[in-house]
Chemist: 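Below is a structure I'd like to ask you about.
These values consider heavy atoms only, across backbone and side chains, with no hydrogens, waters or symmetry-generated copies. A quick note: this is a predicted structure, and the numbers were derived from the prediction, not measured. Protein chains get the first letters and strands the later ones, always in sequence-line order, with residue 1 at the start of each.
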Number of protein chains: 2
Amino acid sequence: MPRTNKKPATITDVAIAAGMSIGTVSRYINGYEVKPANKERIERAIADLSFSPNALASGMKSADSRMVGLLVPDYDEFHAGLLGNLATTLAQEGLVTLTYCHESNSAVAKEAMRFFRTHRVRALIMSWPDADRNDITEMIAQGVQIVTYDNIIDFAGGDRVVVNNREASFKAVSELIRLGHTRIGAVTGDLRRWTAKERLAGWRDAFEAANIPAPEDLIFPCDWYRADGHRAMEHFWKMDTPPSAIFAANYQISLGILVFCQENDITLPDDLSLFSFDDVEAFHFSTPRVAAIGQPVHDIAQAIKARLLENNKAKRPATTPISVVDCAVHFRESIGPYRPKSV
Amino acid sequence: MPRTNKKPATITDVAIAAGMSIGTVSRYINGYEVKPANKERIERAIADLSFSPNALASGMKSADSRMVGLLVPDYDEFHAGLLGNLATTLAQEGLVTLTYCHESNSAVAKEAMRFFRTHRVRALIMSWPDADRNDITEMIAQGVQIVTYDNIIDFAGGDRVVVNNREASFKAVSELIRLGHTRIGAVTGDLRRWTAKERLAGWRDAFEAANIPAPEDLIFPCDWYRADGHRAMEHFWKMDTPPSAIFAANYQISLGILVFCQENDITLPDDLSLFSFDDVEAFHFSTPRVAAIGQPVHDIAQAIKARLLENNKAKRPATTPISVVDCAVHFRESIGPYRPKSV
DNA sequence: CTGTTAGCGCTTTCAG
DNA sequence: CTGAAAGCGCTAACAG
């Protein structure tokens, strides 16, 4: 049985059924005033035909797809949350969110750009600093708004939404210092990224504020993944004076650290204190629960939305090109007072 | 400074630059053969103009938006994974995935339907049994393919992709029985849902196979959330003979149970064994790690994709309207041998 | 293999 | 406030 294929009703069908011109129907649909009597007839016709306007056609004619693109590196907990919040909040404005995951792969990211361009997104939200310059330039020239989050990328005309990475990191590390730790490792993530630099700067700030020289030998530059956290611990644990506490620049790194601790019977916080950037569900159910800096994904989504609307409703340029969202710093049981290593 | 608004190049621009008709260019774009010399000129023109085809226009003309809708109840770990896998794998076929989250709210779900209809998705993927009948009927009539996952919903013409809920649950509960447990609680989730029924059926099957009467008093019907898991434990822990093991129908319920155990110093697996449906990251980092049935989100996405392509490439109806994907059953340290309660 | 042409469904002038 | 008409960028016949 071939699928029935009754084509959807068009605005013309509605106009005929309602006995008026498509212009009037179109205006009604788009929220302009029409004579009450006409309004009623249109509404009935729409219901009878169960008409729904064709977004493609209207987007094409009005040269506005009402779609925005979100380019993420990964569908991890943070990005899933961001996508969810964003898609929901933007839907309220009649905007559609298209996602693409680049997996930190340039070829895939290139493909994503092609995808977004093809779909004529009116804005592109991303944190990818290695985006092809030509694509970006082209998109900006065509009026596509570029919003970067969680990263500072130097595009002319790009809006930015970031969290207070440095300050939040400062608070976390300061707490570790207050607890008596001085050998505090920093597992930094990818230091080519602004985020990583800022988080490390917060680590340094904390030492400076405490008038203690920062233990530069405990900086472990790496990538953002579990394997990196694990490798960091392998490295640290071979040292003569290993760190008594660790500040990890994202949650995946922390998970790698936790795995290493499990494997090597390292007990938190007695043998090691751990403070993580990013707060995820796993941290609430581990023993002990992991102290963490939570990125308020809801607020980030709202800030992005604000930028999107601001830049499209009023035509004035944004007052400030950068929005800063504050993180919550959660002290939990994975951090404890410094205790000299028992021999 | 108003945004520059150089309009994107059109296929006509390309045709002019390449010195030929738009028909030829269109054919080249869509993968038909063109004379090599022309091909080369088209490619150069496209590069020069940095042209990208307008998906809206082509979708409109060809009456195929190449978009599919995914309606999820929540952006939890499972659905985020599903979305990620699906979006990625479908993008390879040139298909776009639009998401909408209904939050188990009928009004929002209704809005979602309007959204998907408006965007002329060629398929709708969902697990929502309370969808408005009219919307569904209308969409099916218009040739929209409906694929349900993780649920059996009785739509004429709907494709279904499910996991082997009953069998996997049977395996999990059987293991608990093998470990000596007989008082095994079932926290079922919403029993109006097929999934919940199947998982409970698996629980029953295990007792039957072991020739033990199923402890019907340990069935706790509820919803799917953390609070439900917590409430279940409150209930169980007041019993004269509480369960020595629990089978939880999803991960959120299990997290609620874990919280209760933390609060009441219940040690897994000594005081209680726990087996959960759904496998999430938190279960790998809790102490002990939680035994769980993992839904292979990658395979589910592939199965859905297969249905989508099958039903659209060849016009024949699917051989079987239902695909079953096998779950992995992970035995972990949250389950242990039955030990009579110490008094 | 290529050029020509007729729309897809809608918005948006422009006159009334 | 409404109707008529001109396309938006592209695809899909059709005739070469």
Chemist: Taking CD1 from A:Ile16 and C1' from C:dG9, how many angstroms apart are they, rounded to a whole number?
Modeler: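 It works out to 13 Å between those atoms.
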Chemist: Between C1' on C:dT2 and CD on B:Glu33, what's the gap in Å once rounded to a whole number?
Modeler: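 Nearest whole value for this atom pair: 14 Å.
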Chemist: When the distance from CG of B:Leu56 to C1' of C:dC10 is rounded to whole Å, what number comes out?
Modeler: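 Value for this atom pair: 12 Å.
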Chemist: On DNA chain C, does the nearest nucleotide to A:Thr12 precede the nearest nucleotide to B:Pro36 from the 5' side, or the other way round? Give the residue.
Modeler: B:Pro36
Chemist: When you measure from the side-chain N and O atoms of B:Thr24 to the phosphate of C:dG3, is any distance below 4.0 Å, counting only OP1 and OP2?
Modeler: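 So the side-chain polar atoms of B:Thr24 do come within 4.0 Å of the phosphate oxygens OP1 or OP2 of C:dG3, strictly under.
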Chemist: Could you give the CG-to-P distance, from B:Asn38 to C:dC1, as a whole number of Å?
Modeler: 11 Å
Chemist: Within the structure shown, what part of the strands sits under 4.0 Å from B:Tyr28 by heavy-atom distance: base, sugar-phosphate, or nothing?
Modeler: nothing
Chemist: Does the distance from a Lys or Arg side-chain N to an Asp or Glu carboxylate O, for B:Asp132 and B:Arg114, drop under 4.0 Å?
Modeler: no
Chemist: Among B:Asn151, B:Asp150, B:Ile146, which one satisfies side chain to side chain contact (heavy atoms under 4.5 Å, CB included) with B:Met126?
Modeler: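 In the set B:Asn151, B:Asp150, B:Ile146, the residue that makes a side chain to side chain contact (heavy atoms under 4.5 Å, CB included) with B:Met126 is B:Ile146.
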Chemist: Do the rings of B:Tyr100 and B:Phe116 sit parallel, tilted or perpendicular, given the 30° and 60° boundaries?
Modeler: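 Ring orientation of B:Tyr100 relative to B:Phe116: perpendicular.
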Chemist: From A:Trp194 CH2 over to A:Arg160 CZ, what is the distance, rounded to the nearest 0.5 angstrom?
Modeler: 9.5 Å
Chemist: Over all heavy atoms of both residues, which pair between A:Ala17 and A:Leu49 is shortest? Give the atoms and the distance, please.
Modeler: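 Shortest heavy-atom contact: CB-CD1, 4.1 Å.
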Chemist: Would you say that more than 12 heavy atoms from the other residues, nucleotides or ligands in this model lie under 6.0 Å from the CD of A:Glu40, or not?
Modeler: no
Chemist: Report the end-to-end axis angle of the helix from C:dC1-D:dG16 to C:dG16-D:dC1; each axis comes from five terminal pairs, and the value is rounded to 10°.
Modeler: 30°
Chemist: Using a cut-off of 6.0 Å, state whether more than 12 heavy atoms not belonging to B:Arg66 lie near its atom CZ.
Modeler: yes
Chemist: Taking atom P of C:dC1 as reference, at what distance in whole Å does atom CZ of B:Arg41 sit?
Modeler: 16 Å
Chemist: Answer yes or no: is there a donor N or O on one side and an acceptor on the other, between the side chain of A:Thr97 and the main chain of A:Val68, under 3.5 Å?
Modeler: no
Chemist: What range of DNA chain D does chain A touch, first nucleotide to last, counting atoms under 4.0 Å from its heavy atoms?
Modeler: D:dC1 to D:dG9
Chemist: Tell me, do A:Leu308 and A:Val147 make a side-chain contact under 4.5 Å, heavy atoms counted?
Modeler: yes
Chemist: Taking it one step at a time, do B:Arg193 and B:Ser127 satisfy side chain to side chain donor-acceptor pair (under 3.5 Å)?
Modeler: CA-CA 10 Å; B:Arg193 304 294 178 236; B:Ser127 64; over 6 Å; no
Chemist: Find the distance B:Lys35:NZ to C:dG3:P and express it as a whole number of Å.
Modeler: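 Computing the B:Lys35:NZ to C:dG3:P distance gives 9 Å.
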Chemist: What does nucleotides 11-16 of chain C look like as a protein-contact string, B for base, S for sugar-phosphate only, - for none, at under 4.0 angstrom between heavy atoms?
Modeler: BBB---
Chemist: Out of A:Asn30, A:Val25, A:Thr24, A:Ile29, which one pairs with A:Arg27 under the side chain to side chain contact (heavy atoms under 4.5 Å, CB included) rule?
Modeler: A:Thr24
